[in-house]
Amino acid sequence: MNNWSLHNWGQEAILDRADDARTAERLAELWADPRARLVEVDWEGQFRGDREAGRIEPVDTTGEYDEQRHVFLGLLEGVPYFAVTTILDTPTVAIRKLLGRAEGGELEVITSTAAILNWHRSGGYCVSCGKLTQRIRGGYARICPNCDWLEFPRTDPAVIVSIIDDDDRILLAHQGTWDEGRYSVLAGFVEAGQSFEQTCFREVLEESGIHLREVKYMGSQPWPFPRSIMIGFEARAATTEIKVDGEEIVHAAWFTRDELARAVEAGTVKLPFRGSIAAALIDRWRYPAASAR
Ligand SMILES: [Zn+2]
């Protein structure tokens, strides 16, 4: 997508998944590489890192490679990266804090670590026969030793939509579970049997009462909370009368650029964190010159 400044989610990945290296022999060699790095995450999903700097602190790989514990993430400029869930007695950082700060290959290491380790922490039993499955291919698949059922990491798609009306205002909404004053664009999970675009029309109508006229794909971002991907759209509103669902969304309003700037300045509206696709969609409307539409 043109002018999408959000990391390089619209281009080739920086972290090379090195699929051809996912054999027992190669993985053991990569683990033994003196440059190899291990990203440690605790059982709550917190990363070993520097809380102030908002950065992860990978450690050296030691001992034997264990495919049932260590996940091979890929190669970053030739350096092998692994991840593990473990008990940590060092300072830890929450992933949301990291995503707002991390850049480049480190950002891809973080999202990949979270997505893959969340999967291993939540699932381990065969969905076909119930037996405990085993990790294969460097942790990017699991196989059942009893019935050979193969399982791959699950990703749940969700759409996220900035809605703009004919007066060039944006619709922002507040969810009941959020901190006071936190506003964002609307989002919702794709339901089985619907397209991304249809999901936009349905979710926006359900949550805000707004009918859309058209939706345009903008880009996507991995969102491992715990296993989503956000598919971003910009939509044109066909109607402007707001009727929130009162359950998920408790308040929504149209903002001009000036109104939003004043509300942010006054602290009555808090926007999504920098680095999120929500913030990128809002910025695209807020700073049209920078987006060069
Ligand atoms: Zn099975």
Side-chain angles (χ1 to χ4, degrees), residues 5-9 11 13-18 21 27 30-123 135 138-140 153 155 178-179 182 184 220-230 270-280:
S5 58
L6 187 64
H7 178 54
N8 70 332
W9 298 126
Q11 291 153 42
I14 300 169
L15 176 67
D16 174 5
R17 296 295 179 106
L27 289 167
L30 291 168
W31 177 263
D33 186 322
R35 298 171 304 163
R37 310 304 291 152
L38 177 65
V39 180
E40 294 182 316
V41 177
D42 73 13
W43 291 92
E44 265 85 57
Q46 302 262 321
F47 285 66
R48 180 196 188 108
D50 181 333
R51 209 171 286 187
E52 288 310 305
R55 299 201 62 175
I56 54 170
E57 286 179 337
V59 296
D60 292 340
T61 53
T62 54
E64 294 283 300
Y65 173 68
D66 178 354
E67 192 164 41
Q68 299 313 308
R69 286 192 66 219
H70 305 128
V71 169
F72 174 57
L73 300 169
L75 302 170
L76 199 56
E77 290 169 0
V79 176
Y81 271 74
F82 293 85
V84 68
T85 300
T86 188
I87 295 167
L88 290 177
D89 54 7
T90 55
T92 57
V93 195
I95 184 172
R96 280 175 196 274
K97 177 128 193 187
L98 295 169
L99 291 190
R101 304 286 285 273
E103 292 178 351
E106 182 175 313
L107 178 55
E108 294 182 13
V109 165
I110 292 164
T111 55
S112 300
T113 297
I116 196 81
L117 293 185
N118 286 347
W119 176 58
H120 286 303
R121 273 199 302 275
S122 66
R135 300 186 190 190
Y140 267 77
T155 300
W178 290 350
D179 323 336
R182 170 113 10 237
S184 188
S220 66
Q221 178 182 42
W223 198 249
F225 302 109
R227 58 177 198 191
S228 294
I229 180 165
M230 286 292 184
K270 285 179 273 185
L271 293 176
F273 71 84
R274 197 184 134 257
S276 64
I277 193 167

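Since we're looking at a predicted model, the values are computed, not measured.
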Which atom pair, heavy atoms only, marks the closest approach of [X] to [Y]?
| X | Y | answer |
| --- | --- | --- |
| P224 | N118 | O-ND2, 3.2 Å |
| I14 | G105 | CD1-N, 3.7 Å |
| A83 | T113 | CB-CG2, 3.7 Å |
| R182 | L271 | NH1-O, 2.7 Å |

State the [atom1]-[atom2] distance between [X] and [Y], to the nearest 0.5 angstrom.
| X | Y | atom1 | atom2 | answer |
| --- | --- | --- | --- | --- |
| Q46 | L88 | CD | CG | 9.5 Å |
| T62 | L38 | OG1 | CG | 7.5 Å |
| W43 | I87 | CH2 | CD1 | 8.0 Å |
| R17 | S112 | CZ | OG | 4.0 Å |
| E77 | L15 | CD | CG | 10.5 Å |
| E44 | T92 | CD | OG1 | 9.0 Å |

Side chain to side chain donor-acceptor pair (under 3.5 Å) partners for Q221, two or more places apart |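 Side chain to side chain donor-acceptor pair (under 3.5 Å) check on Q221 returns nothing, list empty.
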Decide yes or no on side chain to side chain contact (heavy atoms under 4.5 Å, CB included) for L30 and Y65, but give the supporting numbers first.
-> CA-CA 9 Å; L30 291 168; Y65 173 68; over 6 Å; no
Please step through side chain to side chain contact (heavy atoms under 4.5 Å, CB included) for the pair E108 and N8, ending with a clear verdict.
-> CA-CA 10 Å; E108 294 182 13; N8 70 332; 3.0 Å; yes
R274 atom CZ, neighbour heavy-atom count above 12 within 6.0 Å =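 No, not enclosed.
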Report yes if some heavy atom in the side chain of T111 is under 4.5 Å from a heavy atom in the side chain of W223; otherwise report no.
->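 Not in contact.
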So, do V41 and R121 sit near enough that their side-chain heavy atoms are less than 4.5 Å apart?
->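 Touching, per the 4.5 Å side-chain cut-off.
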Polar side-chain atom of [X] near backbone of [Y] as donor-acceptor pair, under 3.5 Å:
| X | Y | value |
| --- | --- | --- |
| T61 | W31 | yes |
| R51 | K97 | no |
| S228 | F225 | no |
| D33 | P80 | no |
| Q68 | R135 | yes |

List the steps, then state whether side chain to side chain contact (heavy atoms under 4.5 Å, CB included) holds for L107 with W9.
-> CA-CA 10 Å; L107 178 55; W9 298 126; 3.9 Å; yes
Check step by step if side chain to side chain contact (heavy atoms under 4.5 Å, CB included) holds for W178 and S184.
-> CA-CA 10 Å; W178 290 350; S184 188; 3.7 Å; yes
Quick one: sort the F72 and F82 rings into parallel, tilted or perpendicular, breaks at 30° and 60°.
->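 Ring orientation of F72 relative to F82: tilted.
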Using a distance-only test with no angle check, is there a side-chain donor-acceptor pair under 3.5 angstrom linking T86 and R48?
->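 Absent: no donor and acceptor within the cut-off.
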Go through the structure and list residues passing side chain to side chain contact (heavy atoms under 4.5 Å, CB included) with I56, not counting sequence neighbours.
->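 Only V39, F47, P58, L98, E106, V109, I110 meet the side chain to side chain contact (heavy atoms under 4.5 Å, CB included) criterion with I56.
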